[in-house]
Amino acid sequence: MIVHVALSIPVTKTFSYSVPEKWEPFIKRFLRVRVPFKNKTLVGFISDMDDGVDTNLKEIYEIVDIFPLMNDKLILLCEWASHYYITPIGIVLKYAIPASLHIEKYLTIKALEGRVLALDNVPLKKAYTAIGKDTVFQHYKEGLIELCDAFTNKPFSPLAEKSKSMEKPERILYIGDIESRLEYYTDLISIHLNKGGNVLMLLPDYYITGRYFYRMLFKRFHNNVLWYGATTKGRQRMETYFKARNEGGFLILGNISCTFLPVLNNSLIVVDRHEEDEYRNEEGFKFNAGLLVMKRAEIEHIPVVFGSVAPSMEIFKFVQDGNINIIEKAWLKNKKYSEIITEKNISSYGTLPEELIKIINTAIEKKEIVAIFTPRKDYSSYIQCLDCKRPFLCPVCQGIMSYQKHKNLLVCPACSKNLEYKEMCMNCGSNLIRFSQIGAEYFEEKMKNILKNIHIVRITGETIKEDLENLKNVSHETPAIIIGTQTLSKLYGLHANKLILIGWEELLRIAGYRAEEKMFQVFTNLLDALSPEEIYIVMERKKGVNTTYFLNLKTFYLEELKKRRAAEFPPYLRIFLIEVEKKGEQAGIKIINKIKEIIEKEGLTGYVTGPLMQKKKGYRWRIILKGNKELFYKSLLQIYNIPEVRIEADPLYI
DNA sequence: GAAATAGAACAT
DNA sequence: TGTTCTATTTCA
């Protein structure tokens, strides 16, 4: 017997192996197998098999699991994702079933018949070494034993398919503030839990947000709330895994790692703030969890709810096309908006306008909490020598360096190189240095200088521990100033009386084609999390934006969609970023020409930027392809299989 | 993706 | 002719 195995390597073809006789009876599609590859061992998935014999092929070492860990529906989801994101199925499957899942570790044998009584209560791994894995498999197949996990004590068996209900499951975009969202979620969730189903709920991946949701939902569902997020590790992770797989009536809170989680009787999927970038997986297999769980809900024939105050353009387009129903609760009422227009750019010179200081002082007198938003976390993101006029550039990649004062470090945001700041110009040695593009750290220092004995904290989401520690003493008993980046919009449960945005309009430059969308989302989510009564927007006269544009949700989205359509950008056309990195220029051009040839043959539109100087020696090229994927799927596959080429579907920043 | 191999460029 | 860096191939 020959099996064709999908490996987690960036080639789309599969690799064939022959199967030793003792494993033959257990071969099944999508089983994990351990195989020799080059001079190491890899775990792959059986994508197909046939009865032929080929003595030239290497043999598989063993079958890893006793049955495929995912059911047909989850596999269908993986296959869809593989196609949609131009990623080999082996890589997708490996993401869905990561090596960090230690399933066997928690399984124990239960003997069902007298003749295997010796195996009763023996840990699975022990039995493997004692009588051989194939013998254990044989016993299982013959129904002599069961495998029970340590958490539910229920038999481990292939994930059952849910019986299909007749009614068409709903897709809902719920627009409302955090309190109304929680109320809506809770009602819906309890309906499904009461029927014995499980519910998956995806949250933005930030500890403080997660804790808030857990607290609120625990009030209603108590110990039926489970965790499956980034901070859930080891034993706790496996506990959720087995409970979700074997039992019903649980609400599973988590992050993107829930996308492919096997769930028994999955009845509802909720995604809160689906527009957040954290739903995009950036390592290896790049996908958007919000979109994938929408597909999952479709495949599993269950309802899905997207709750937010600032939906993504993609989701809003689904609404417009009639593919998602919208429920909109009025909010943003009773807010006082003011603009503070400055003649000079604060970010460049760091002088705060008098008006702003007055506002802060009155807030302190009234014992209020003031939140200050800035788009940057560091002290300064642009350091320039006033003598030679040159900016501080990264010695490795020539990127513009940022300065972190508390560590006295110059860091490169592009390649994360960092070095100590020597208080002089890197080029000419002058000590006339100007810090501009200032961020949270700078404002913190400035505030501490102006306001003595006032509680001033900085929240940037860099280290959760620090953020938690900083927030510990903030209460409405004493005035406080909280300075932070977008992370401020995750601080649910903390009420700031005043919100001041400094440099918000600079997101226009930072966020690429999604700039306006991002601005809307940052602004609206800040209001949602902090629920301030008064909002102050500090802008430079020259670069000011029309604030009212961002205050009306409907008109904003319709207008943005119009612009996107005219510019042929997502959600109307998809974007594929093709990147080539080479040390030598000629070698790079050769590959680029190959890609161009494929593109031209299919008559596709695309354009090349670069070569961009990268690192000490080396070049990088970028080709951007825009269009409907189905039209050029074959070409993209061809391009994918060229070595040294990476394709990123739906890149966040271009 | 990464090791093995082939090829180019440079120094001795 | 060896040494080192870069490009290409191949994995079953």
Side-chain angles (χ1 to χ4, degrees), chain A residues 1-24 26-64 78 81-82 85-100 281-287 396-397 415 577-598 610-621 636-649:
Chain A
M1 190 186 233
I2 293 167
V3 284
H4 310 289
V5 178
L7 295 169
S8 179
I9 56 173
V11 278
T12 51
K13 66 176 177 185
T14 56
F15 293 80
S16 309
Y17 296 85
S18 62
V19 180
E21 214 173 309
K22 66 171 181 177
W23 293 117
E24 269 194 28
F26 313 110
I27 294 293
K28 240 184 139 182
R29 284 192 83 202
F30 296 104
L31 267 177
R32 283 197 293 179
V33 282
R34 199 162 279 122
V35 296
F37 189 79
K38 276 275 172 81
N39 43 16
K40 57 190 170 202
T41 308
L42 291 183
V43 171
F45 293 80
I46 298 176
S47 79
D48 219 338
M49 56 268 195
D50 55 61
D51 285 330
V53 177
D54 190 339
T55 47
N56 292 323
L57 294 176
K58 288 188 181 175
E59 289 189 327
I60 64 166
Y61 289 141
E62 64 166 9
I63 295 177
V64 178
C78 289
S82 161
Y85 290 111
I86 330 269
T87 305
I89 186 70
I91 294 181
V92 177
L93 289 166
K94 183 75 184 285
Y95 178 89
I97 307 174
S100 57
N281 188 50
E282 287 297 337
E283 289 153 20
F285 164 38
K286 300 189 175 180
F287 66 91
V396 177
C397 77
C415 72
L577 177 64
I578 303 169
E579 271 186 320
V580 179
E581 240 174 280
K582 276 271 147 177
K583 290 246 165 71
E585 197 176 8
Q586 288 311 311
I589 288 170
K590 223 168 110 183
I591 291 177
I592 290 295
N593 286 337
K594 227 174 176 175
I595 296 170
K596 273 185 177 165
E597 208 177 287
I598 295 170
L612 303 164
M613 272 302 281
Q614 263 275 307
K615 293 177 181 168
K616 269 180 188 152
K617 222 181 164 196
Y619 299 84
R620 184 160 83 173
W621 289 261
L636 282 172
L637 265 193
Q638 269 182 62
I639 294 169
Y640 185 91
N641 282 316
I642 302 171
E644 312 285 327
V645 179
R646 281 197 312 275
I647 300 182
E648 188 182 344

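Computed from heavy atoms alone, side chains included, the values below leave out hydrogens, waters and symmetry copies. Lettering of chains follows the sequences in order, A, B, ..., and the numbering in each one begins at 1.
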Polar side-chain atom of A:Tyr17 near backbone of A:Pro36 as donor-acceptor pair, under 3.5 Å: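 Checking the backbone N and O of A:Pro36 against the side chain of A:Tyr17, a donor-acceptor pair under 3.5 Å is found.
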Residues within residues 40-59 of chain A bordering DNA chain B, heavy-atom distance below 4.0 Å: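 Those residues are A:Lys40.
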Contact residues, residues 7-14 of chain A to DNA chain C [heavy atom, < 4.0 Å]: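 Residues of residues 7-14 of chain A under 4.0 Å from DNA chain C: A:Lys13, A:Thr14.
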All salt bridge (Lys or Arg N to Asp or Glu O under 4.0 Å) counterparts of A:Glu579, not counting sequence neighbours: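 Checked A:Glu579 against salt bridge (Lys or Arg N to Asp or Glu O under 4.0 Å); matches are A:Arg620, A:Arg622, A:Arg646.
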Which residues share a salt bridge (Lys or Arg N to Asp or Glu O under 4.0 Å) with A:Glu282, sequence neighbours left out: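 A:Arg280, A:Lys286.
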Start and end of the DNA chain B segment that chain A contacts, any atom under 4.0 Å from a heavy atom: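 Contact boundaries, 5' end first: B:dG1 to B:dA4.
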With sequence neighbours excluded, residues passing side-chain contact (heavy atoms from CB on, under 4.5 Å) with A:Asn593: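 With sequence neighbours excluded, A:Asn593 shows a side-chain contact (heavy atoms from CB on, under 4.5 Å) to A:Ile589, A:Lys596, given in chain and number order.
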Results of side-chain contact (heavy atoms from CB on, under 4.5 Å) for A:Thr12 - residues two or more places apart only: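 Checked A:Thr12 against side-chain contact (heavy atoms from CB on, under 4.5 Å); matches are A:Pro88, A:Leu637, A:Tyr640, A:Asn641.
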Those residues that, when tested against A:Phe26, pass ring pair (Phe, Tyr, Trp, His ring centres under 6.0 Å) (two or more places apart):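 With neighbours one apart ignored, the set is A:Phe137.
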Under the ring pair (Phe, Tyr, Trp, His ring centres under 6.0 Å) test, residues paired with A:Phe15 that sit two or more places apart: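 Residues passing ring pair (Phe, Tyr, Trp, His ring centres under 6.0 Å) with A:Phe15: A:Phe37.
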side-chain hydrogen bond (donor to acceptor under 3.5 Å, both in side chains) contacts touching residues 28-48 of chain A (sequence neighbours left out):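 Passing the test, one end in residues 28-48 of chain A: A:Arg32-A:Asp65, A:Arg34-A:Glu62.
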Of all pairs that satisfy side-chain hydrogen bond (donor to acceptor under 3.5 Å, both in side chains), the ones with a partner from residues 89-100 of chain A, not counting sequence neighbours: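 Listed once each, the pairs would be none.
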For A:Ser16, all residues meeting side-chain hydrogen bond (donor to acceptor under 3.5 Å, both in side chains), sequence neighbours excluded: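 So A:Ser16 forms a side-chain hydrogen bond (donor to acceptor under 3.5 Å, both in side chains) with A:His4.
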